[in-house]
Amino acid sequence: MVSVVGMTDLPLDKVDLPTFVDDIGRAAHTAFALPPHMRSVYLVPLPPENCTVKDGYEITFFLYTAPDKSVELKRRMVKALHDVVQATDWGDTVKVVVIIKEHAAENVGVGGVLRLDMT
C-alpha cells in the first residue's frame with residue numbers, strides 16, 4: 001500500500017483534476033510495483049498567500065508505505081512523480097519534492113484494527 005498526500009501551490013485549474021490525481025496514483029503504484037487498488041491519493045491545493053514566496057511553483061508529496069522498499073523502487077517513485085507533474089506546462093518552473101515515510105505494522109491501523117493484528 002502507498003498513500004500519497006500532495007500539497008501544492010500549482011495552478012490546478014490548468015489540468016483535469018480527476019485525471020491528474022489518477023496519473024499520480026498510477027505513477028505511485030507502478031513505481032512501487034503494487035496493484036492499482038493498493039494506492040490512495042489526496043491532493044491539497046494551497047492558495048499563494050498560504051505559502052512562502054518563491055520563484056515558480058512547488059508540490060510536495062508525502063508518501064506513507066510499508067517498510068523495506070528498495071532504494072531502486074524509491075528512485076523510481078521520485079522520478080515517476082516528477083515526470084507526472086512535469087508533463088504539464090504550468091507556465092513557470094515547478095519543484096517536485098517527495099518525502100517517503102515507511103511505517104511498521106505496529107504504527108498503522110485500518111478499519112479500527114492495528115495492522116499488526118491483521119495477520
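When the side chains of ILVMFWY residues are joined at heavy-atom separations under 4.5 Å, either directly or via intervening members, Val78 and Ile59 end up in a single hydrophobic cluster. Val15 and Val44 are members of different hydrophobic clusters when ILVMFWY side chains are connected at heavy-atom separations under 4.5 Å. Met38 and Phe32 fall within a single hydrophobic cluster, where Ile, Leu, Val, Met, Phe, Trp and Tyr are joined by side-chain heavy atoms under 4.5 Å apart, directly or via other members. Residue Val96 is not grouped with residue Leu46 when hydrophobic side chains (ILVMFWY) are merged at heavy-atom distances under 4.5 angstrom, including chains of intermediate members.
Side-chain N or O atoms of Arg76 include one that pairs as donor or acceptor with a backbone N or O of Thr30 at under 3.5 Å. With hydrogens and angles ignored, the 3.5 Å screen pairs no side-chain donor or acceptor of Glu58 with any backbone N or O of Val94. Between the side chain of His29 and the backbone N or O of Leu34 there is at least one donor-acceptor pair closer than 3.5 Å. Thr65 places a side-chain N or O within donor-acceptor distance of the main-chain N or O of Met1, the cut-off being under 3.5 Å.
The minimum heavy-atom distance between Val84 and Ala27, with the atom names listed, is CG2-CB, 3.7 Å. Shown here for Ala31 and Leu73, the closest heavy-atom pair between the two residues is O-CD2, 3.2 Å. Across Leu114 and Val108, no two heavy atoms sit closer than the pair CD1-O, 3.5 Å. Across Val41 and Gly25, no two heavy atoms sit closer than the pair CG2-CA, 3.5 Å. Nearest approach of Ala28 to Val2, heavy atoms of both residues: CB-CG1, 4.0 Å. Between Pro47 and Cys51, the closest heavy-atom pair is O-SG, 3.6 Å.
To the nearest 0.5 Å, atom CG of residue Leu12 and atom CG of residue Leu17 are 5.5 Å apart. To the nearest 0.5 angstrom, Arg26 atom CZ is 8.0 Å from Arg39 atom CZ.
By the 4.0 Å N-to-carboxylate-O rule, Lys95 lies too far from Asp55 to be salt-bridged with it. We find that Asp89 and Lys14 are not joined by a salt bridge, their nearest charged nitrogen and carboxylate oxygen being 4.0 Å or further apart.
The ring-ring contact (aromatic ring centres under 6.0 Å, His included) analysis of residues 44-96, with sequence neighbours excluded, yields the pairs Phe20-Trp90.
Looking at heavy atoms from C-beta onward, Val21 lies out of side-chain contact with Asp23 at the 4.5 angstrom threshold.
Side-chain N/O atoms of Lys74 and Ser70 include no donor and acceptor closer than 3.5 Å.
Annotation for Asp92: atom CG counts as buried by contact number, over 12 foreign heavy atoms lying within 6.0 Å.
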